[in-house]
Each structure stands twice: as structure tokens, then as C-alpha cells.
Amino acid sequence: MKPTMAPFLRKGKGILLAYDQGLEHGPSKDFNEKSVDPEYIQEIAWKGKFTGLIFQKGVAEKYYDGKMPLIIKVNGKTSLPRGEPIASQICSVKQAKSLGAKAVGYTIYLGSIHENLMLQEFGRIQQEAHEMGLAAIAWIYPRGEAISNDTAPEIIAYAARTGLEVGADAVKIKYTGDSETFKWAVKSAGAAKVFMSGGPKAPTDEAFLTQVKGVMNAGATGLAVGRNVWQHERPLEMAAALREIILNGLSVETALGKLAR
Ligand code: FBP
């Protein structure tokens, strides 16, 4: 049977907790004493009723407890090199499967001079994943010298469409900043499910939840979020607020109620 995103959806929507920033950004940039511990994050994922959890293989191998549907990122990079971005494969699909993953994730830096290598590698990984019954999720981030505005509506729509064209079951893209233009990105992604990528912690809860509402109003499937949840002083309340908007279709005001003291 064709692999789908079904294991990661509830009522057709999804909220994925992302925790690969230790590799992507380094522990001193994003983590504190609590969030540096993968067990703390896994507990947030479980208690916060997320529909999926995203780990790199090393964290999965040592910490994954099997309770949540798992996505393994199979490529990655650190923030240390300069120049055009490239993230290469660092975990096989076979290993991701043996660690319990129901999907693999792969980042493509669209517009980088190395995009051909990532498109090629994703093509192989997508095929292997589908042959092994796993979904393939593409993080598509336009980046590099050629990209002057990585959230311009036409660039985000291009990223979304690329996901469909290369066979991703879901694409993880940044928000354009407004619901109207994001709608075109969602439409461009066709049958590939669209998840918004959370981004750095927003200045206020209202600002973040308004973005999430805009994304859902545009027809997206959900959110893949890290910092805006586990850097929050009350991550479980933020998770509850996100469920109100994403799974229950409620308003920003109602969601903010979950964060009121
Ligand atoms: P956040 O919600 O913390 O932004 O996580 C989403 C994510 O895609 C992570 O999976 C990844 O580590 C990070 O963003 C990439 O961030 P950057 O845009 O700095 O490369």
C-alpha cells in the first residue's frame, strides 16, 4: 500500500514537534538546561498530544520511547560552514525504519548552487522510503546567494510546488506572512500536505498563533514546530493553544485562553 501521512494526522490535521536544532543550530543557540535534554522534549510531545515527533537518528537511537509516531531527519548540517548551503544524507532509510520511523524527513535548500545534489538525493530517498512503506517529507527552504527573500510568496509557492514535483508526501515550508498568499502555496502543493515551519520564537503568543491561524485558513494541514513550543515557558499550554486552532479549527482568541493564567 502507498505510504501516506496518515500516522501523523488527527482529523486530517497534524502538529509535529521538531527537535533537530541541536545539529542545525547548536545547543548554545537554542537550548537551555531543560530543552537540551531530549527526554524533556519527548515528554512535551507526549503530554502535549502532538501528532508526531522529529528526531535525528542519534537522538532517536538513545531516547525514542516508541510512544509517538516518529519522523527521522535523514540529512542535516551544522551552522558552522560558510557559503552555499548543502545538507547531505546522514542516515539511511533502512536505519530510520529500524529505529521506528513512519516517515523520513529531508531538507532541500532550493536555489543553493548545490540544489541539484539535494534534489537527486531526495529522489533516491523518496523511492527507498516508499518501497519500505515510509512517507517522505521534504523541508524545502529556499536559501543561498540566488535567494533575496526566502519568504516571498512566489518563492514559497515554488518551494511548495517543488515538494509535489519531487514526490514528497508532505512539504514543510515557511509562512509568507499572510493567509492570502499562503493559499497559493498550498494550492501549488496539490496533494502534498503542507506544514508550516515554526521559525524562531515569536515576540508574543498572539503573533505566533495569528500566523498559525493564517496558515490553517489557507488550507494547510498543520504545523511542524520546535522553538515556539519548547522555548516557551509553558510548552504544554502552548501545545493546547495550537490544538485549538489546528485540530479544532477555533479562533486565536479561544486559543489564547489556553495560555491565560
Ligand atoms: P523551528 O520551529 O524551531 O523553526 O523548527 C523547524 C525547523 O525546520 C527544524 O526542523 C530545523 O532545525 C529548523 O527549523 C531549521 O531552521 P533554519 O531555518 O535556521 O535552518
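Every number for a ligand or one of its atoms is a count from 1 in the order of the listing.
Among K201, Q21, H25, the residue whose heavy atom lies nearest to atom 16 (O) of ligand 1 is H25.
Looking at K213, M238, H232 one by one, the single match for side chain to side chain contact (heavy atoms under 4.5 Å, CB included) with F208 turns out to be M238.
Side-chain atoms of D37 and S35 form no donor-acceptor pair, as typed in the model, at a separation below 3.5 Å. E121 and Y106 are linked by a side-chain donor-acceptor pair at a separation below 3.5 angstrom, with hydrogens and angles left out of the test. Under the 3.5 Å distance criterion, with hydrogens and angles disregarded, a donor-acceptor pair is assigned to the side chains of N248 and K11.
Both L117 and Y141 are assigned to one and the same hydrophobic cluster, defined by single-linkage of ILVMFWY side chains at heavy-atom distances under 4.5 Å.
The contact set between ligand 1 and V225, taken as ligand atoms under 4.0 Å from a residue heavy atom, comprises 2 (O). Of all the atoms in ligand 1, the ones that sit under 4.0 Å from a non-hydrogen atom of G198 are 2 (O), 4 (O). Within ligand 1, counting atoms from 1 as listed, the ones closer than 4.0 Å to a heavy atom of G226 are 1 (P), 2 (O), 3 (O), 5 (O). The contact set between ligand 1 and K172, taken as ligand atoms under 4.0 Å from a residue heavy atom, comprises 6 (C), 7 (C), 8 (O), 9 (C), 10 (O). Counting atoms of ligand 1 from 1 in the listed order, those under 4.0 Å from a heavy atom of A18 are 10 (O).
Nearest to atom 14 (O) of ligand 1 among the protein's heavy atoms is Y141 OH, 3.8 Å. Closest to atom 3 (O) of ligand 1, if we only count protein heavy atoms, is R227 NE, 2.7 Å.
Contact annotation for E24 and ligand 1: only side-chain heavy atoms (C-beta onward) come within less than 4.0 Å of the ligand. Residue contacts with ligand 1 for K73 are absent, since no atom lies close enough (heavy atoms, distance under 4.0 Å). Under 4.0 Å from ligand 1, not a single heavy atom of Q56 appears. Only side-chain heavy atoms of R143 come within less than 4.0 Å of ligand 1; its backbone N, CA, C and O stay farther off.
The distance criterion of under 3.5 Å between nitrogen or oxygen atoms is not met by N228 with respect to ligand 1.
When ring centroids are compared, Y19 and F31 come within the 6.0 Å threshold.
With salt bridges taken as basic N to acidic carboxylate O contacts below 4.0 Å, none links E61 and K57.
Heavy atoms of D20 approach ligand 1 to within less than 4.0 angstrom.
For the atom pair CG (L99) and OH (Y64), the distance works out to 9.5 Å, reported to the nearest 0.5 Å.
The two residues A185 and I173 come nearest to each other via the heavy atoms CB-CD1, 4.3 Å.
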